[in-house]
Amino acid sequence: MVGPRRPQFVLFGSSIVKCSFREEGWGSILADNYSLKADIILRGYGGWNSRKGMAVLDQVFPKNEVVQPSLVIVYFGGNDATDPRPDGQSPHVPLPEYVENMRKIAMYLKSLSEKTRIIFLSAPPVNEAKINAESIYQGTNEMSQKYAQACVEMCHEMGIKAINLCTAIMKHSDWQTTCLIDVIHLSSIGNKIVAEEILKVIMEADWKPSLYWEAMPNEFSEL
């Protein structure tokens, strides 16, 4: 650990998180905005679903740590919403189990600290035109939207901030080709939309202290 100790923002989830530190990724945009204010920590695992996320919660977020994250941004859903396969090798998780997993993840994170804030990202939309027999991702836009809506509804019930990526991305014209680089992963435009939605939520949240980058002090600003 290098000092001074900064607030920690942890990005936790599957490949939408894993790829977020690439050039023009939403994680990179956050890291740039918070470069003198907070540490953006990546915990993204390609191909994972909410079931796998549940299995490692206590390892990624140990309760006995002296310093707990100021903000955790969680994304699971895209893989959960894929089509099930007869051989059971799909990352598909049935919708009721997915919602319950996300609820348990939220409850665990809320228990870390009174000042640990949470934002959930829903599954993004799917470009079905790019799905074929060889595609790694097999699913439908309709199913992705169902999982997204269920995630947002669960968050509202629990008083947790949530961003419906289906809604946010599908507002953009020609979103299938401009916001996605394949069936589900984000282009630079898609990543910018996600970053803007996150920053909007942080800016509007009634959190004390505020975690919005413009409201936070710069490190060594007194020098």
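Below, each value reflects all heavy atoms present in this structure, side chains not excepted, and no hydrogens, waters or symmetry copies.
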**Message:** Take a 6.0 Å sphere around CD of Glu114 and say whether it holds more than 12 heavy atoms from other residues, nucleotides or ligands.
**Reply:** no
**Prompt:** Trp175 and Ile163: same hydrophobic cluster, using ILVMFWY side-chain contacts below 4.5 Å?
**Reply:** yes
**Prompt:** Parallel, tilted or perpendicular: which describes the rings of Tyr98 and Tyr147, with under 30° parallel and over 60° perpendicular?
**Reply:** tilted
**Item:** Validation row: Leu30, Phe9 side chains within 4.5 angstrom (heavy atoms)
**Value:** no
**Asked** Sub-3.5 Å donor-acceptor pair from the side chain of Ser28 to the main-chain atoms of Phe21, do we have one?
**Response** yes
**Note, Pro124 side chain near Ile184 side chain (heavy atom, < 4.5 Å)** = yes
**Request:** Measure from the side-chain N and O atoms of Gln138 to the backbone N and O of Asn132, and report whether any donor-acceptor pair falls under 3.5 Å.
**Result:** yes
**Message:** Less than 4.5 Å apart, side chain to side chain, heavy atoms only: is that true for Ser144 and Cys166?
**Reply:** yes
**Message:** For Tyr45, is there any backbone N or O sitting under 3.5 Å from a side-chain donor or acceptor partner on Ser14?
**Reply:** no
**Asked** Tyr75, Met154: one ILVMFWY side-chain cluster at the under-4.5 Å cut-off?
**Response** no
**Point-to-point distance, once rounded to the nearest 0.5 Å, from NE2 of His156 to NZ of Lys161** = 8.5 Å
**Asked** Rounded to the nearest 0.5 Å, what separation is found between the CG atom of Asp80 and the CG atom of Asn101?
**Response** 7.5 Å
**Asked** Is it true that a side-chain atom of Thr178 and a backbone atom of Ser173 form a donor plus acceptor pair closer than 3.5 Å?
**Response** yes
**Asked** Is any side-chain heavy atom of Glu24 closer than 4.5 Å to a side-chain heavy atom of Asn191?
**Response** no
**Prompt:** Cation over ring, Lys63 on Tyr108, under 6.0 Å and within 45°?
**Reply:** yes
**Prompt:** Salt-bridged, Arg103 to Glu100, with N to O below 4.0 Å?
**Reply:** yes
**Prompt:** Val74 and Ile40: same hydrophobic cluster, using ILVMFWY side-chain contacts below 4.5 Å?
**Reply:** no
**Message:** When you compare the side chains of Gln149 and Glu153, does any donor N or O come within less than 3.5 Å of an acceptor on the partner?
**Reply:** yes
**Request:** Kindly give the heavy-atom pair with the smallest separation between Asp83 and Ser90, and that separation in Å.
**Result:** O-OG, 2.8 Å
**Asked** Ser70 versus Leu211: any side-chain heavy-atom pair under 4.5 Å?
**Response** yes
**Item:** Met216 vs Tyr34, side chain to side chain contact (heavy atoms under 4.5 Å, CB included): CA-CA, chis, key distance, verdict
**Value:** CA-CA 9 Å; Met216 296 174 70; Tyr34 285 92; 3.6 Å; yes
**Derivation of the side chain to side chain contact (heavy atoms under 4.5 Å, CB included) call for Ile118 and Met158** = CA-CA 11 Å; Ile118 308 166; Met158 297 188 68; over 6 Å; no
**Prompt:** If you count the non-hydrogen atoms of other residues, nucleotides and ligands that lie under 6.0 Å from NZ in Lys37, is the total more than 12?
**Reply:** yes
**Distance (rounded to the nearest 0.5 Å) between Thr82 OG1 and His92 NE2** = 7.0 Å
**Message:** Taking the ring centre of each residue, are Phe120 and Phe76 less than 6.0 Å apart?
**Reply:** no
**Message:** Any heavy-atom pair between the side chains of Ile73 and Leu121 that's under 4.5 Å?
**Reply:** yes
**Prompt:** Do other residues, nucleotides or ligands put more than 12 heavy atoms under 6.0 Å from Lys130 NZ?
**Reply:** yes
**Request:** Would you name the heavy atoms of Arg51 and Pro94 that are closest together and state the gap between them?
**Result:** NH2-CD, 3.9 Å
**Item:** Closest contact, heavy atoms only, Ser113 versus Gln68
**Value:** CB-CB, 4.0 Å
**Item:** Stepwise side chain to side chain contact (heavy atoms under 4.5 Å, CB included) test for Ile193 and His172
**Value:** CA-CA 9 Å; Ile193 291 171; His172 198 281; 4.0 Å; yes
**Asked** If you take all heavy atoms of Ala55 and Gln59, which pair is closest and at what distance?
**Response** O-NE2, 4.0 Å
**Request:** Would you check, one step at a time, whether the test side chain to side chain donor-acceptor pair (under 3.5 Å) holds for Asp32 with Ser35?
**Result:** CA-CA 5 Å; Asp32 182 44; Ser35 60; 4.9 Å; no
**Message:** Heavy-atom count check: over 12 atoms from other residues, nucleotides or ligands less than 6.0 Å from Glu142 CD?
**Reply:** no
**Asked** Where do Lys192 and Ile29 come nearest, in terms of heavy atoms and distance?
**Response** CA-CD1, 4.0 Å
**Message:** With clusters defined by side-chain heavy atoms of hydrophobic residues (ILVMFWY) lying less than 4.5 Å apart, directly or transitively, does Trp207 cluster with Leu199?
**Reply:** yes
**Message:** A quick test of your reading: do over 12 heavy atoms of other residues, nucleotides or ligands sit less than 6.0 Å from CE of Met107?
**Reply:** no
**Asked** Among the clusters formed by ILVMFWY side chains lying less than 4.5 Å apart, do Leu57 and Val99 turn up in the same one?
**Response** yes
**Request:** Supply the atom-to-atom distance Lys171 NZ to Asn164 CG, rounded to the nearest 0.5 angstrom.
**Result:** 9.5 Å
**Request:** May I have the step-by-step check of side chain to side chain contact (heavy atoms under 4.5 Å, CB included) for Ile16 and His185, ending in yes or no?
**Result:** CA-CA 7 Å; Ile16 298 295; His185 294 101; 4.1 Å; yes
**Prompt:** So do Val194 and Leu186 actually touch side chain to side chain, heavy atoms under 4.5 Å?
**Reply:** yes
**Asked** Hey, what do you get for CD1 (Ile198) to CE (Met203), rounding to the nearest 0.5 Å?
**Response** 13.5 Å
**Request:** Taking atom types as modelled, find out whether Asp174 and Thr177 have a side-chain donor-acceptor pair closer than 3.5 angstrom.
**Result:** no
**Prompt:** Rounded to the nearest 0.5 Å, how far apart are CD1 of Ile119 and CG of Leu109?
**Reply:** 12.0 Å
**Asked** Hey, does Ser20 have a side-chain heavy atom less than 4.5 Å from the side chain of Leu42?
**Response** yes
**Nearest heavy-atom neighbours spanning Pro91 and Asn49** = O-ND2, 2.8 Å
